[in-house]
> 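Sharing a structure below in structure tokens format, with a few things to ask.
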Amino acid sequence: MTKYDHKAIEKKWQDKWEKDEVYKASDTSKKDKKYVLIEFPYPSGEGLHMGHLRPYTAGDVYSRFYRMQEHEVLYPIGWDAFGLPAENFALKKGVHPKISTVKNIENAKKQLQSWGMSFDWSREINTTDPEYYKWTQWIFLQFFKAGLAYEATGLINWCPKDKTGLANEEVIDGCCERCGTKVEKKEMRQWYLKITAYAEKLLAGLKDLTEWPEAVKLQQENWIGRSEGAEIEFPIANPRVKRYVILHGRASKPKDNSYPWLKKELEDRGFEVEIPEMPNPGEPNDLEQTDFVEKNCKLDESTVVVSHSFGGIVALRLLERGHKVHGVVLVSTPTTGKFLDKKARPTVSEAVRRGFDYKKIRQNSDYFKILVDSSDTVVPMEDGKVLGKNLDSYPQTVQALKPHFQGKEEPAILETLLPYMKIFTTRPDTIFGATYMVIAPEHPLVQSRMSISENFSDIAKYLEEVKKKDEITRTAVNREKTGVELKGVKAINPATKEEIPVWVADYALMGYGTGAIMAVPAHDERDFEFAKKYNLPIREVVKGGELPFVGNGKLVDSGEYNGMTSEEAIPKMAKEFGVPKVQYKLRDWVFSRQRYWGEPIPIIHCENCGVVAVPEKDLPVTLPEVERYEPTGTGESPLAAIKEWVNVKCPECEGPAKRETNTMPQWAGSSWYWLRYTDPQNGKELASKKLLKRWTPVDVYFGGMEHTTLHLLYSRFWNLFLYDQKVVTAQEPYMKRVPHGIVLAADGEKMSKSRGNVVNPDEIVEKFGADVLRMYEMFLGPHADTVSWNDKGIMGVKRFLDKTWNLGQVLVEHQVEESSQEVLQVLNKTIKKVTSDIENYRFNTAISALMILLNAFERQKTNISKLSWEDFLKLLAPLAPHITEELWHGLGHEGSIHKEAWPKYDEKFAQDTKVIFVVQISGRVRATLEMDAGSSQEDVKQKALADENVKKYLTDKEIIKEIFVQDKLINFVVK
RNA sequence: GCCGCGGUGGCGGAACUGGCAUACGCGCAUGGCUUAGGACCAUGUUCCGAAAGGAUUGAGAGUUCGAAUCUCUCCCGCGGCACCA
């Protein structure tokens, strides 16, 4: 008997399969399609490991099974090859990432083939191929055009080791997801993808994904973090202000623009309002108008002067002349005499030319507020900056409803005049219990209110302290809360009309909601803790339990709402005091990286035109060759150093411009790759509609839990967007998600080089062969469970395949025409079980069923027909493709076993003819009976009562009840 | 703290909608074959007990003729989120 030579046989068939293109997916066949996907690997220098093998084998078994079930199966593979390791390797060894990537891919491909994976290699893709990332960039441009890719400066997560910014999703426990380094906060200009615009769709889509595991859906749901509540404005009181004087601009009158609206809003709140009608508005003279205001208006320390455009010059002149006021609000004030519309306004320019005595002006008002419109068409933003510098104030940039603040209503102005804190709460029913306010240290209001608070230095000190803390210590749960009161600043509770104190405390987070909260210490644990520490009033407004009671109950001390339940009151009070609002925890996706080895972001910055998209015809923007890959660490990508690449002509005005030098994150290429597999060579579109329709959505996606709120969320986002853009045909990308457990080392620890417990799959293949490795990997435990590798355990599978081989040698020669009844019965049951097990990803039990079948075969060696043996080989083929192919050919077949039809079972044999009956007496097993299947209750009862042991237990007892389960059991309940 | 998943022999794990708990495999034991073997074959292997018999699915209660499976309370382990208002 020949021994099974796994090395020679496995190699032989791998070569043959490749040559014959056995696993190529046809775009045109009439069979039902099945798109099976695995997460394509990153080709690292270390090669592929056990973590890859598990899902890939599962996908492979599943694919092979469906090919035999008459499906056209697409099981593709590619390389997610951008990313830091290749770049870090380049840094260390000086090898260009392109070169090391090619080498690593070659090696990984060899590994995959040695594992007998049935991928369709003709569709192999590589995210670093310009023909591929051309489309990654193209998709980015679609986001940009839709306003969903934007640039902003903000505090982002920064990994000091990888020297790059990170997305929220890439920060695990305050550490970098890649390297584990503590993440810092850094203020940077970054590209963002507006994933928050899709929060609702991402959430709603989950409901349709009925074949996704609940755990995966829940995790995404929690990550998106939807909560319903209300946004409520708390006015900030300033008792020193009694009156407003509004100075209109050039070519304007008190009834123009938003003045009437403003006047009414202010008067409604009990303020005195004056809007003098200025002389000669068409050709305004600042000195003449200043004289006019001096004569006609009352200006004192309870007055706030509000000015629009030219009126600002008049306002400044008034202070220059020594008028003391409480505050000055300057809206779109011209200070340079230059205008965006290039029109000449000689009287304005002349007024500006006279200059201002800013020192004097500064002394005559407690504060200056400078409002700048980002969409202004007249006064350049530059003018606001000049003003800010001279008045020691930060210009506040907002977008006016109509350019140059010319709308009939301009809420931004009102907001400046009547500062208020906007808060978000899920419990508007507790508003009567809001006894103080908390704002985050980064809140803009802190900056603007600090100057008028009485304890400026305390606050400044606190802000310094907060700045020093890193994110982890700041958000640690059990940390004692700290804060400082903004003394002299009071908010007004819109429900009770009481003035309540305002605190700056870092338990309010700028990143969520509005960065400010109403604190209800009686009904919020955090507020309770804070109130206790700082002796703030605690007022119970919902009855229900011990304070802080946070649940639902009956309202008390809440005016007309007394007696209502929280549930009833929440929607009503949300509407009365604010507006209902939905909040998400999801943040926009920080999409730029300050590294070399990634897709260049296809954007050009022009001095005149601003941010301009690279025209689609110029794609791809290829990565240039560089000498040095070092990240600069300053927040600039290494690309910035390549002048010839960076400096370009603006595609719009042809003026001098610069390329965006940040690259895309690792997740970009994988956010759409499954689409490309359907049409990998297409040069005109990312994939044709026809082929997308043929193959997508993916039917089954095998992958890890660790990608749930990363790749899986990102790629759903991209797909939903591309669906809205009518680029793809399926709304959701993956119909079914099958997660797998981690493979731990024998010691129950994670496999790692430093622990020295790594099991290298290639060594196992060398020693036992791919079939043994694949089967053992599947046999370790349920596919979704974490399992531990066991060196000894693998021998069980090896013995099974050895026995299969040996029996195969015997069965080539002596066979019977018809298998015995026992063989047929076990075989048919096994077909049934293996079929449903593979359909349901229960590979471990499928294997044990095959073991049982083989054991039966060994007992019945001489009673096995050729057909029965062939059925066994077919059942085993998806799991052990090589040995079964060899045995199949040994039986004289020409074609591949993997193209054979899956065995069908005969229900007649799959069912037992004899069944074992359990005889219970009051629920305890007292005997077992062998009966014909389908025996009647009466027959079973007769036989049971005849049993000696049963008789023994029935003596002196009365049967009061009889329970009969067909083919299973009979139970006598006795007294 | 919140959310989710799980706890079955010495070990990995079976048990479909409540119906013989411990399939299959590892390990172990005994015997055989063998110069030898992480080889092969046979038998046994949840625990207590010589046996009859009894106990047993993290602990405790409940529903039921009958519970690993359903309900409640608690304990332990794993994963996710984490001052999210």
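Worth knowing before you read on, the calculation uses all heavy atoms, side chains too, and leaves out hydrogens, waters and symmetry mates. In what follows, chains are A, B, ... by sequence order, proteins preceding strands, each numbered from 1. Remember, predicted model here, so these are calculated numbers, not experimental data.
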> Do Glu39(A) and His711(A) meet the criterion of a side-chain donor-acceptor pair at a distance under 3.5 Å?
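Short answer, no.
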> With a sphere of 6.0 Å drawn around NZ of Lys792(A), does it hold more than 12 non-hydrogen atoms of other residues, nucleotides or ligands?
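Not more than 12 within 6.0 Å, no.
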> Check whether the side chains of Glu169(A) and Trp223(A) place a donor and an acceptor atom closer than 3.5 Å, and report yes or no.
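Indeed, the side chains of Glu169(A) and Trp223(A) share at least one donor-acceptor pair under 3.5 Å.
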> Could I get a table of every N or O pair under 3.5 Å where one atom is in the protein and the other is in nucleotides 4-8 of chain B?
none

> Please determine whether the number of non-hydrogen atoms from other residues, nucleotides or ligands lying under 6.0 Å from atom NZ of Lys575(A) exceeds 12.
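Counting neighbours around NZ of Lys575(A), 12 or fewer heavy atoms of other residues, nucleotides or ligands fall under 6.0 Å, so no.
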> List RNA chain B stems (3 or more consecutive Watson-Crick/G-U pairs, under 3.5 Å)?
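Result, WC/G-U stems under 3.5 Å: B:1-7 with B:75-81, B:10-12 with B:24-26, B:27-32 with B:40-45, B:46-48 with B:53-55, B:58-62 with B:70-74.
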> Identify all pairs in which a protein N or O lies below 3.5 Å from an N or O of nucleotides 52-57 of chain B, and state each distance.
| residue | atom | partner | partner atom | Å |
| --- | --- | --- | --- | --- |
| G54(B) | OP1 | Arg926(A) | NH1 | 3.4 |
| A55(B) | OP2 | Arg924(A) | NH1 | 3.4 |
| A55(B) | OP2 | Arg924(A) | NH2 | 2.8 |

> Give the B/S/- string for nucleotides 10-25 of chain B, one per nucleotide from 5' to 3', where a protein heavy atom under 4.0 Å of the base yields B, of only the sugar-phosphate yields S, and otherwise -.
--BSS-B--BB--BBS
> Considering only the P atoms, how many Å lie between G25(B) and A14(B), rounded to the nearest integer?
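To the nearest whole Å, 15 Å.
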> Roughly how many Å is it from CZ in Phe234(A) to C1' in A85(B), rounded to a whole number?
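In whole Å, A85(B) C1' and Phe234(A) CZ are 12 Å from each other.
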> Quote, to the nearest angstrom, the C1' distance that separates A36(B) from U45(B).
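Each nucleotide's C1' atom is 28 Å from the other's.
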> Any donor and acceptor pair, going by atom type alone, linking the side chain of Asn971(A) with main-chain N or O of Gly923(A) inside 3.5 Å?
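Flag set: sc Asn971(A) to bb Gly923(A) pair under 3.5 Å.
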> If I pick the P atom on G4(B) and the same atom on C74(B), what distance separates them, to the nearest angstrom?
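These two P atoms come out 15 Å apart once rounded.
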> Please indicate whether Glu567(A) has more than 12 foreign heavy atoms, meaning atoms of other residues, nucleotides or ligands, lying under 6.0 Å from its CD.
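Not more than 12 within 6.0 Å, no.
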> What does the list of N/O pairs under 3.5 Å between the protein and nucleotides 30-33 of chain B look like, with a distance for each?
none

> Can a side-chain donor-acceptor contact be found between Tyr953(A) and Ser922(A) if the only test is distance below 3.5 angstrom?
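Short answer, no.
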> Thr708(A) side chain N/O closer than 4.0 Å to the phosphate oxygens (OP1, OP2) of G80(B)?
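No, outside the criterion.
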> For the side chain of Lys481(A) and the backbone of Tyr507(A), is there at least one donor-acceptor N/O pair under 3.5 Å apart?
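Checked: no pair found.
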> Using every non-hydrogen atom in the two residues, find where Met778(A) and Arg54(A) come nearest and quote the distance to one decimal.
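Met778(A) and Arg54(A) have their closest heavy atoms at CE-O, 3.6 Å.
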> With a 3.5 Å cut-off and sequence neighbours excluded, list the donor-acceptor pairs that the side chains of residues 578-585 of chain A form with protein atoms.
| residue | atom | partner | partner atom | Å |
| --- | --- | --- | --- | --- |
| Lys581(A) | NZ | Glu231(A) | OE2 | 3.2 |
| Tyr584(A) | OH | Glu200(A) | OE1 | 2.1 |

> Using heavy atoms to find the nearest nucleotide of RNA chain B for Gln583(A) and Asn168(A) separately, return the residue whose nucleotide is more 5′.
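Counting from the 5' end, the first nearest nucleotide belongs to Asn168(A).
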> Looking only at atom C1', what distance separates U57(B) and G9(B), rounded to whole Å?
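Those two atoms are separated by 10 Å.
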> So, taking the atom named CD1 in Ile847(A) and the one named CG in Leu876(A), what distance separates them when rounded to the nearest 0.5 Å?
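Between atom CD1 of Ile847(A) and atom CG of Leu876(A) there are 9.0 Å.
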> Can you check the distance between G49(B) and G54(B), where both ends of the measurement are the C1' atom (answer in whole Å)?
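Result for the C1' pair: 9 Å, nearest Å.
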> Which whole number of Å gives the distance between the C1' atom of C40(B) and that of C47(B)?
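Comparing C1' positions in C40(B) and C47(B) gives a spacing of 32 Å.
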> Distance between the P atoms of G12(B) and C5(B), in whole angstroms?
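Here G12(B) and C5(B) have their P atoms 22 Å from each other.
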> Let me know the distance between CG of Leu713(A) and P of C81(B), rounded to the nearest Å.
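These atoms are roughly 12 Å apart.
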> Around atom CD of Glu228(A), are there more than 12 heavy atoms of other residues, nucleotides or ligands at under 6.0 Å?
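Atom CD in Glu228(A) is not crowded, with 12 or fewer foreign heavy atoms closer than 6.0 Å.
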> Syn or anti for G9(B), given that syn means the glycosidic angle lies within 90° of 0?
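Judged by the O4'-C1' to base torsion, G9(B) sits in syn, the angle falling within 90° of 0.
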> Do you see a donor-acceptor pair shorter than 3.5 Å between the side chains of Glu170(A) and Trp667(A)?
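Checked: Glu170(A)/Trp667(A) side chains pair up, N/O donor to acceptor below 3.5 Å.
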> Determine: side-chain N/O of Lys961(A) to OP1/OP2 of C65(B), distance under 4.0 Å, yes or no.
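For C65(B), OP1/OP2 do have a side-chain N/O of Lys961(A) under 4.0 Å.
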> Can you tell me, in whole Å, how much space there is between the C1' of C28(B) and that of A68(B)?
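My reading of the C1' atoms in C28(B) and A68(B) gives 26 Å.
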> Please check: side-chain N/O of Asp524(A) versus main-chain N/O of Val550(A), any donor-acceptor pairing under 3.5 Å?
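Checking the backbone N and O of Val550(A) against the side chain of Asp524(A), no donor-acceptor pair under 3.5 Å is found.
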> Kindly indicate, with the supporting measurements, whether the criterion salt bridge (charged side-chain N to carboxylate O under 4.0 Å, His left out) is fulfilled by Glu948(A) and Lys951(A).
CA-CA 5 Å; Glu948(A) 282 304 317; Lys951(A) 273 187 191 162; 3.8 Å; yes
> Relative to the 5' end of RNA chain B, which residue comes earlier, Lys767(A) or Asp527(A), by the nucleotide with the nearest heavy atom?
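Between the two, 5'-proximity favours Lys767(A).
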> Fit a plane to each ring of Trp503(A) and Tyr534(A), take the angle between them on a 0 to 90° scale, and name the class: parallel (under 30°), tilted (30 to 60°) or perpendicular (over 60°).
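The rings of Trp503(A) and Tyr534(A) sit tilted, inter-plane angle from 30° to 60°.
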